[in-house]
Each structure stands twice: as C-alpha cells, then as structure tokens.
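Accompanying notes for the structure given below.
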There are 2 protein chains.
Amino acid sequence: MPPAQRHPTMADVAERAGVSTSTVSRTLRGLSTVSPEVRARVEKAARELNFAVSRQAASLVTGRTGTVAVLVPTLDSWFMGSALSSLAPLLRAAGLQLNVYEVPDLAERTAFFEHLPARRNADALLVFSFDLTDEETARLDDLGMPVIYVSRQVAGRPSVYVDDVAGALHGTRHLLNLGHRRIAFVQTAGASGFSFSSDERLLGYQQALTEAGVPLDDALVVSTRAGDKRAAAEVLGTLLSLREPPTAVFAEQDELAVALIWNMRRTQIAVPERVSVLGYDDQPLADWFDLSTVAQSPSDMGREAGELALKLIDDSGADHERHVVLPTYVIPRATTAPVARPRDEGERHTGGEGTLGRAPS
Amino acid sequence: MPPAQRHPTMADVAERAGVSTSTVSRTLRGLSTVSPEVRARVEKAARELNFAVSRQAASLVTGRTGTVAVLVPTLDSWFMGSALSSLAPLLRAAGLQLNVYEVPDLAERTAFFEHLPARRNADALLVFSFDLTDEETARLDDLGMPVIYVSRQVAGRPSVYVDDVAGALHGTRHLLNLGHRRIAFVQTAGASGFSFSSDERLLGYQQALTEAGVPLDDALVVSTRAGDKRAAAEVLGTLLSLREPPTAVFAEQDELAVALIWNMRRTQIAVPERVSVLGYDDQPLADWFDLSTVAQSPSDMGREAGELALKLIDDSGADHERHVVLPTYVIPRATTAPVARPRDEGERHTGGEGTLGRAPS
DNA sequence: ATGAAAGCGCTAACAA
DNA sequence: TTGTTAGCGCTTTCAT
C-alpha cells in the first residue's frame with residue numbers, strides 16, 4: 001500500500017503541459033476554445049499524472065455538486081433494488097454521482113428531516129415510497145433543489161408513480177371475470193417503514209366490486225404482516241372460517257400472496273381449484289410461485305424519475321408539477337382460475353375450463 | 001416551488017450571531033473551545049437560517065470528503081440489498097455519506113477503471129464481489145484511499161469474505177452424512193457480472209468427497225445459468241439420464257436450487273424422497289421453498305466491511321492487510337433427506353428416517 | 001486561443 | 001475563548 005500520496009492538482013497538470021490552469025480546466029471540460037495541439041498536450045499530461053478533477057473544488061465555484069441523492073426506506077427490497085438499478089446507469093451517463101440516504105426507522109427519519117444532510121450536497125433529491133407528512137414535504141420544498149417523489153403521488157410536486165387504483169381495479173376485475181363473487185382483500189399492516197399505496201389498492205378493489213354489483217363485505221378485508229408465514233396462516237383461518245368463505249384472495253403484495261399459498265399447500269387447500277390467489281407487484285418471487293399478479297415496474301419508475309431529475313436540474317424553468325403515471329398489467333399465471341361451482345366444491349363440473357388458469361406456460 | 005434561493009453561508013450565520021466564521025465553524029463541529037453562551041447564539045442563528053455546512057467547501061480544506069464509495073456489480077440482488085442495508089446506518093452514524101457506483105457491464109467496468117471517478121470523491125472504497133484482474137487491483141491501489149474488498153479475498157489487501165471452501169465442504173458433508181454418494185454439483189455459468197466464489201465452492205465439494213473416499217466424477221459437475229428455469233430443466237435432464245444418476249444435488253446458489261426444484265415438481269420427481277437438493281446463500285427465496293442450504297450473511301459482511309473502512313479512514317497506520325473471514329452455516333430444511341435405498345427407489349424401507357428432513361419446522 | 005486574477009465557503013494556523 | 005488571515009483546487013470573468 002503506497003502511503004497516501006497527495007493527489008495531483010490542475011496546477012501540476014498545467015505545469016507539465018506548459019499551460020495555465022485555465023487551459024487545463026477548459027480542456028478537461030471539453031470546451032471548444034482550445035487548440036487541438038494544446039488539448040493533446042494537456043490530455044497527455046493529465047493521463048500521465050492520473051489526474052482527476054476534484055468535484056469538491058469544482059462545485060464550490062459552479063454551485064453544482066454533480067450528485068443526485070435518493071431517500072429510501074430500505075435498500076433491501078426487490079423494489080428498491082430494481083428501481084435503483086435502472087436509475088444508476090442513467091445518472092452515470094449524465095456524469096452524476098448517486099448518493100443514498102437509507103432511512104429505515106423513525107429515529108433516522110426524524111434526523112434526516114431535521115438536518116436535511118442532502119442540503120448543499122446534491123443537485124436533486126429523489127424521494128422513494130415515503131408517505132410524508134405535510135411538514136416533511138414542506139421541509140423538502142425549501143431544500144433548494146428539485147425534489148422528485150417516486151412511487152408516491154404528491155400534489156403540486158413532480159411525481160412518478162403507478163395508478164394503484166386502476167391496478168387493483170383491473171386485478172379485481174380479472175377475478176370477477178373468472179366468476180368469483182366472494183373475493184377477499186388482504187392488506188399489509190405495519191410495513192417495515194415502507195409505504196405501499198394500500199388505500200389506493202383497496203379503493204380499486206372496492207370500485208371493481210361496486211361496478212360489478214357485488215356488495216362490499218368488511219369481513220373480507222383483512223390485514224396482516226408481510227413475509228410472515230404464521231401471520232398469514234391466521235388470516236387464512238379467519239377467512240376460511242367465514243360463513244361464506246372467499247373463493248378468491250387478492251393480496252396487495254406478492255409476498256403476502258405467497259405466504260398464503262405456502263400455508264394453503266401445507267394444509268392441502270388446492271390453489272387455484274379451491275381458492276384463487278392474486279398478488280400485486282410481480283416481483284421475481286411471483287414467477288417462482290407461478291403466481292398470478294398485478295405487475296408494476298420499479299425499473300421504469302427509476303428511469304422515469306431519473307430522467308425527470310435530469311430535466312429539472314438543467315431547466316430550472318421546467319415544469320415542476322409534472323406527474324408521470326405508469327401503467328400496471330394483470331399477469332395471469334397458475335394461481336387464478338374460474339370459480340368452482342358453488343355447493344359443488346369437491347367436484348370439477350367445469351372440466352377444462354376449470355384448469356384454464358393453469359395452462360402450461 | 002421557491003426559486004432556488006441561495007443557501008446561507010457561514011458568514012450569514014456569523015453575522016446573525018455576531019461572531020466570526022471561525023467561531024461558527026468551531027461551534028458546528030462541536031469543538032469544546034466555545035463558550036456555552038456563544039454556542040447557543042450560533043446554534044440558534046444556524047437553525048433559524050436553516051444553515052447546513054457545505055461539505056464541498058469543508059472537504060476542500062480538510063482533504064476529507066465525508067463519503068464512502070461502494071463499487072457493486074448490481075443493486076438488484078438479494079445480496080447487495082442486504083449488505084448495503086447494514087452498511088448504510090453504520091456510515092450514517094459516523095457522519096459519512098454513501099456513494100454508489102453500479103457497474104453492471106463490461107463497458108461501465110472499463111470506464112470505471114479508466115477514470116476512477118471515485119478518486120478524490122471518497123475517503124474509502126468498498127469493492128463488492130468483483131473478480132478483478134491484477135491490473136484493476138493495481139489501479140485501485142493508487143487510488144489514494146483505503147480500498148476494502150468484500151465477498152472476495154484479495155491477497156495483501158483488506159478483505160471481508162466467507163470461507164466458501166469450508167461452506168461447500170460442510171454442505172457436501174451434510175449430504176454425505178445422509179448417506180448420499182452420488183452427489184451432483186451445479187455451477188453458475190455466465191453470471192450477470194457477479195462473481196461468485198464458484199471455484200472455492202467446487203473445491204470444498206471435492207474435498208468433502210475425497211475425505212469420504214467417494215471418487216470424483218466429472219459427469220456430476222455441471223453448469224447452467226442462474227434464474228433460468230429452462231436451462232435448469234436441461235441440466236436436470238442431463239443428470240437424471242446418467243447411468244448412475246445422482247441422489248442429491250448441491251447447487252452453488254439458492255436460485256439454481258430452486259429452479260431445479262421447480263422443474264422437479266413439474267415433472268413429479270419427489271424432493272427430497274427421490275433427489276435431495278441443497279442450495280447455497282440462504283436468501284429469502286430459500287425459506288419460501290423450504291430449501292436446505294448453506295447460509296452466508298451479507299449483512300454481516302456489510303457491517304464488518306463498514307467497520308473496517310471506518311478504521312482505515314481514521315488510522316492511516318492501521319493494519320492494511322487485515323482479513324475478516326465470516327462463517328457459513330448449514331441450514332437443513334425440507335429438501336434434504338437420507339438417501340433412498342439403492343435399487344429400491346419406489347419404496348421407503350427407511351420409514352421415519354426417510355422423512356426426517358421434512359419434519360415439521 | 002490563452003493567461004492572470006479573483007473568489008466560491010470553508011478550516012486551520014496563528015494572534016490576541 | 002475568540003478573531004484574523006491564508007489558503008484548499010477549482011472555474012470564471014476579463015485581458016491580451
């Protein structure tokens with residue numbers, strides 16, 4: 001390990017190339033007002049010295065940090081991994097760095113909004129999935145940089161999100177179209193700081209039922225913790241012990257749906273013959289479980305949000321209220337099928353139709 | 001949206017508090033040489049002005065950026081999500097920012113090593129999971145900051161990793177102890193830029209067989225693409241059509257193991273009765289599939305790497321060759337069981353013992 | 001097309 | 001305990 005030798009500065013490059021630092025600066029930023037020969041000399045010197053511009057020094061004078069910050073509830077989730085993975089190359093291509101603020105709990109959240117460490121240290125902030133208070137939003141408003149809300153709709157601020165009402169509406173319609181009338185909706189309780197669009201999804205579910213003339217039944221709307229097999233077993237028991245149990249379950253997250261299916265397999269409840277299960281998200285887990293689901297694309301969100309950020313950084317006159325609404329898609333796989341004939345649950349009168357949802361993929 | 005009003009500077013705070021900028025600086029950095037009354041005045045002024053120190057300006061003089069950079073092949077993986085998720089709070093607590101360089105393909109990789117954008121923009125670099133060339137390692141050596149290698153052992157440089165030879169050794173022993181003698185090993189081919197310790201794991205597998213007196217058979221070592229169901233079906237076919245097919249399969253990644261199980265379920269090959277399957281990683285997917293596996297902890301790696309980084313940043317005299325080796329654990333779940341009696345595959349002569357691996361969890 | 005000089009917002013001697 | 005001063009390494013007028 002070489003002892004931390006000082007980094008070469010522009011002055012070093014300038015000296016070696018026999019020019020002034022101004023010329024070095026102009027060359028390295030690609031300004032056209034440099035003669036080809038001088039440019040060549042400078043670039044050679046810079047390469048030989050392994051010179052890299054100090055963003056610190058540059059940003060001190062330009063007022064730009066060359067950094068985009070993201071505020072995320074966690075990094076350990078399919079959603080964030082996918083979203084950041086499409087955001088990162090986009091920023092890289094624009095010569096921007098990516099700064100991550102992970103705020104997994106209330107203490108960190110409070111600290112973040114109190115000190116706003118991103119202030120002066122980024123050119124834009126992308127806020128993912130948080131359900132902010134008005135006060136928090138107001139704090140971000142005077143952060144002095146464009147703030148883009150992702151996976152979250154915030155009135156009057158640039159936002160990128162999917163239409164969860166429509167997503168849940170279509171998902172529920174899919175079940176209705178299969179003949180289901182007793183459709184349960186399973187919500188997430190106490191998510192790990194993550195804010196799902198739980199209310200919107202419930203609303204879409206209710207809208208679909210209403211438009212189909214199916215009465216809403218509060219007993220069919222339950223909530224549980226995500227990724228908890230035991231908790232899923234409990235809600236499953238609750239639902240299946242209703243006087244009129246559901247023939248289909250719509251879980252507002254794939255993880256929830258999979259936890260239900262896991263329990264059903266264990267207890268010999270046939271999916272989808274006895275109960276259809278529909279998820280929401282289309283994360284990789286859904287594919288492994290052949291789960292029918294409502295797909296959203298976090299990578300599209302990351303990309304759209306990144307592009308919006310770049311636009312807002314460049315054009316301070318750009319449209320600061322722009323909303324980008326991304327679509328959802330119902331992906332039928334093997335866990336949704338036509339409802340079994342009522343009062344005939346053991347038998348399959350509908351034959352081929354009954355296994356339609358399990359067609360070889 | 002308020003027009004990007006200029007950020008207040010220390011001079012503004014100083015004026016408002018009626019002191020010099022030096023005093024403001026000292027106060028805000030928590031130096032003890034400030035009288036309580038003055039400190040109070042300064043803090044009040046800073047709060048009222050919503051002042052935040054410009055790291056750019058500070059680092060220009062201190063030579064420290066207050067940032068730790070991570071170089072990762074992708075952000076969209078269980079491993080990285082988990083590792084960064086434990087790294088982030090640690091850095092936050094130390095007042096450091098987290099800068100992410102995602103290098104998903106060769107082009108980006110080349111660009112990264114050519115320009116080393118982290119130079120001068122971080123106080124330390126954590127390199128995750130890359131199988132670097134000597135030249136690349138050499139480039140990082142003169143980056144002018146501590147470089148810590150994570151999930152990768154690099155001679156003479158600080159590294160944090162698990163002992164994959166031992167992990168695979170123990171995993172294979174688990175299968176041997178269950179009576180298996182025909183044990184296949186499935187490798188990953190052409191991973192998505194990610195470098196697994198494939199060779200080490202294979203070595204551990206071979207060591208275990210050798211120490212048990214089981215001859216190595218090249219036909220039992222196959223490779224396929226991860227997360228590809230179709231490709232998994234092919235290697236499964238290859239293995240099962242051997243003259244002496246394996247009774248157990250050790251996949252070097254959980255995803256691979258799950259893909260095999262998925263195909264076996266589809267084709268009515270009983271797991272673990274007919275074939276035992278063992279994975280490696282213990283990612284969440286393993287739990288969902290009740291997969292027996294060899295566990296490693298990326299979150300421990302993230303934490304250890306972070307702590308090592310902090311140490312190396314502070315103590316430039318610290319041990320720069322320190323290696324932290326983390327343990328692996330065999331986690332038996334429901335996909336490994338004692339081998340069925342040879343030539344008796346249809347029957348279960350071993351009764352209770354045969355279903356040991358599926359005991360209710 | 002190039003250079004000289006000023007200054008971005010801080011911190012770190014050094015004085016007082 | 002506090003203030004004064006001199007830069008840190010760049011970019012940006014303004015000259016030339």
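Within every chain, numbering begins at 1; the chains are lettered A, B, ... in the order of the sequence lines, protein sequences first and strands thereafter. Since we're looking at a predicted model, the values are computed, not measured.
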Whole-Å gap separating C1' (D:dG9) and CZ (B:Arg64): 19 Å
Backbone of A:Thr23 reached by a side-chain donor or acceptor of A:Thr27 within 3.5 Å: yes
Whole-Å distance separating the CZ atom of B:Arg55 from the C1' atom of D:dC10: 20 Å
Pair A:Arg41 + A:Glu37: basic N to acidic O under 4.0 Å: no
Donor/acceptor link under 3.5 angstrom from A:Ser22 side chain onto base of C:dA4: yes
Spacing between B:Arg39 atom CZ and D:dT1 atom P, to the nearest angstrom: 11 Å
Atom-pair distance (CG on A:Leu31; C1' on D:dC10), nearest Å: 14 Å
Side chain B:Arg26 and base D:dG3 donor-acceptor under 3.5 Å: yes
Under 4.0 angstrom between A:Ser35 side-chain N/O and C:dT2 OP1 or OP2: yes
A:Ser82 side-chain N/O to A:Trp78 backbone N/O, donor-acceptor pair under 3.5 Å: no
Contact under 4.0 Å: A:Thr23 side-chain N or O vs C:dT2 OP1/OP2: no
Nearest-Å distance for atom pair CE/P, residues A:Met10 and D:dG7: 21 Å
Side-chain N,O (B:Arg120) to OP1/OP2 (D:dC10) below 4.0 Å: yes
B:Arg29 side-chain N/O to C:dA12 phosphate OP1/OP2 under 4.0 Å: yes
A:Gln56 CD to D:dG9 P, straight-line distance once rounded to whole Å: 11 Å
Distance, rounded to the nearest Å, where B:Asp12 contributes CG and C:dC8 contributes C1': 13 Å
5′-ward residue of the pair B:Glu37/B:Val61 relative to DNA chain D: B:Glu37
Distance, rounded to the nearest Å, where B:Leu60 contributes CG and C:dC10 contributes C1': 8 Å
Touch class at under 4.0 angstrom, heavy-atom based, for A:Thr33 against every strand present: base
Expected output: side-chain A:Arg119 to main-chain A:Asp142 donor-acceptor under 3.5 Å: yes
B:Asp123 side chain to B:Thr65 backbone, donor-acceptor under 3.5 Å: yes
Residue-phosphate contact under 4.0 Å: A:Ser20 side-chain N/O, C:dG3 OP1/OP2: yes
